[in-house]
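Structure first, then comments.
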There are 2 protein chains.
Amino acid sequence: MFGKDLLVRMLDRRDTLPPDEIALIEALPVRPVTFGPDEEIVREGSRPTESCLVANGFAVRNQATREGKRQITAIHVPGDFVDLHSLLLKVMDHSVSALGSCEVVFIRHKDLLTAIGGSPHLTRMLWLSTTIDASIQRTWITCLGRRSAKQHLAHIICELYVRLELVGLASDQTFAIPLTQAELGDVLGLSVVHVNRTLQELRAKDLVIWKDRRIVILDFQRLAILADFDATYLNLFHEPR
Amino acid sequence: MFGKDLLVRMLDRRDTLPPDEIALIEALPVRPVTFGPDEEIVREGSRPTESCLVANGFAVRNQATREGKRQITAIHVPGDFVDLHSLLLKVMDHSVSALGSCEVVFIRHKDLLTAIGGSPHLTRMLWLSTTIDASIQRTWITCLGRRSAKQHLAHIICELYVRLELVGLASDQTFAIPLTQAELGDVLGLSVVHVNRTLQELRAKDLVIWKDRRIVILDFQRLAILADFDATYLNLFHEPR
DNA sequence: CGTCGCTTTGAGACCTATCAACAATGGTGG
DNA sequence: CCACCATTGTTGATAGGTCTCAAAGCGACG
């Protein structure tokens, strides 16, 4: 539990985790903490000695610009090993904060290193998880640079649906996420006003309903076509890694 | 040689590579190939069995949208282990192509796995290199989402200078890179016309000269302030990883 | 019932894209 | 050596997307 079961599930979806590796993960000592909406989980500029895993709720990475603008560079769902980066990067170049209330577990770098030290395959699986994050980030870059606001919004909705479905948090074309329009603007690089209008466009086309922190996708197929969404980058293939 | 010396240099800058790990890298069999301008090094959708390292020249990752637009999601300089991702991701979600003429060396996944199999630290150092790539990508996301065209352009110039200086390809506030304005547009998510005008703005402020594929930074300090550039994300710290 | 956080609306300004044309450059073959 | 061509850079004009500012609507909650 403590989100480690979800982590195992996400990794196992990509390549079978043998029992001994699952055991290594399950044996990791955790320090569970619950954060309230918008609370900072890891601060930009700090030097964490632990990494954190989302157990429940959502977390985002964000960078702030000098002018006080904010950009969300990743959204993390339960089972995501959010801050595995700090294991290697040492100094945080961005902060991680809770989206709505969020339960995470902290795992000491020391314990992580011990666990993976004797298992090259488990090491690769964790490496893989950071690599999938990077793959998602590349896709976000393309969305920001070359897709319209409408396409970008549609794209993120498709992505969230697929990722949440994987951990059992989305089904029947619907899922819940505590994302305000302001925060959505920080994801899409748009102003609140424009987010609102873009959302209305998707509604007007009967593609989605976004109400009370719940999203209903009325026509995934058409939404995916509009968004130019191709799930390859989420790496949902099961194979030897 | 074959770029492996540069790889060692880049890793060693972040954490001392002991002689045995350097030896492991140097012993890796390589297959050197030279690509002409704009040639594809790794194709989107393919399943590489080798990873490639830039030995000379530049390579970019790019994604294409259905509408035929192109976004460059990363620029790789000599010493960059461009395609280490494919070791874990298996299926390419983007392609890699040469910027100008570019020498790369291919290294078989099989050989890489053997080399790192017995060395957890070397494994982490390669993992680190993909993590730094991800860190750069996050910064690009912020530039795309929350900075003006002018700031973004200034930012990428600062970044390239710092990264190239690290491998001895930039000094005295100047460096060469075979990037056309159209390609620069694909990096910044802008149209060619706007790139041209933005470049003129930086010139008019006596910040940079960009001519004949050579960039001269007239005032790094002011450029960095304009860009809100902070090199933390490039992880130039030497420490145990 | 008033406050607070969030969503929605309107209007105008600004940034960036698009289209079209032209200038500069470098390479090529005659 | 010159004419030609392809590529790259530059400019102008106009359209459209997105931002900003300001204000109003709405629902939850104490």
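These figures come from a predicted structure and were not determined experimentally. Excluded from the calculations below are hydrogen atoms, water molecules and symmetry mates; all remaining heavy atoms, backbone and side chain alike, are included. The sequence lines fix the lettering, A, B, ..., with proteins before strands; numbering per chain opens at 1.
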Query - Earlier contact from the 5' end, DNA chain C, for A/G145 and A/R213 - result: A/R213
Report summary line: Rounded to the nearest 0.5 angstrom, the CG-NZ distance for A/L188 and A/K150 is 14.0 Å
Report task. Would you mind classifying the nucleic acid contact of A/R203 as base, sugar-phosphate or nothing, using non-hydrogen atoms under 4.0 angstrom? Result -> sugar-phosphate
Query raised in the report: So what does B/R146 touch, heavy atoms closer than 4.0 Å: a base, only the sugar-phosphate, or nothing?
Result: nothing
Query raised in the report: When B/R61 is tested against each of B/V42, B/I41, B/T73 for side-chain contact (heavy atoms from CB on, under 4.5 Å), which residue passes?
Result: B/T73
Query - Nearest-nucleotide comparison on DNA chain C, the residue closer to the 5′ end among A/T180 and B/V195 - result: A/T180
Query raised in the report: Across the strands shown, which category fits A/G185 at heavy-atom distances under 4.0 angstrom: base, sugar-phosphate, nothing?
Result: nothing
Requested in this report: Please figure out whether A/D212 or A/K150 has its closest DNA chain D nucleotide nearer the 5' end.
Outcome: A/K150
Query raised in the report: What is the minimum heavy-atom distance between A/I225 and B/R66, and which atoms define it?
Result: O-NH2, 2.6 Å
Query raised in the report: CZ of A/R108 to CD of A/E50: how many Å apart, nearest 0.5 Å?
Result: 7.0 Å
**Report entry** Nucleotide range of DNA chain D lying under 4.0 Å from chain B heavy atoms
**Finding:** D/dT8 to D/dA13
Query - A/E67 atom CD: more than 12 heavy-atom contacts under 6.0 Å - result: yes
Report task. Please tell me if the side chains of B/Y233 and B/N235 come closer than 4.5 Å, counting only heavy atoms from C-beta onward. Result -> no
Report task. Quick one: label B/L190 by what it contacts on the DNA or RNA (base, sugar-phosphate, nothing), any heavy atom closer than 4.0 Å. Result -> sugar-phosphate
Query - Opening and closing nucleotides of DNA chain C in contact with chain B, under 4.0 Å to non-hydrogen atoms - result: C/dT16 to C/dC19
Requested in this report: Kindly indicate, with the supporting measurements, whether the criterion side-chain contact (heavy atoms from CB on, under 4.5 Å) is fulfilled by A/H76 and A/D133.
Outcome: CA-CA 9 Å; A/H76 287 288; A/D133 282 354; 3.5 Å; yes
Requested in this report: Look up atom CD1 in B/I177 and atom CD1 in B/I215, then write down how far apart they are to the nearest 0.5 Å.
Outcome: 6.0 Å
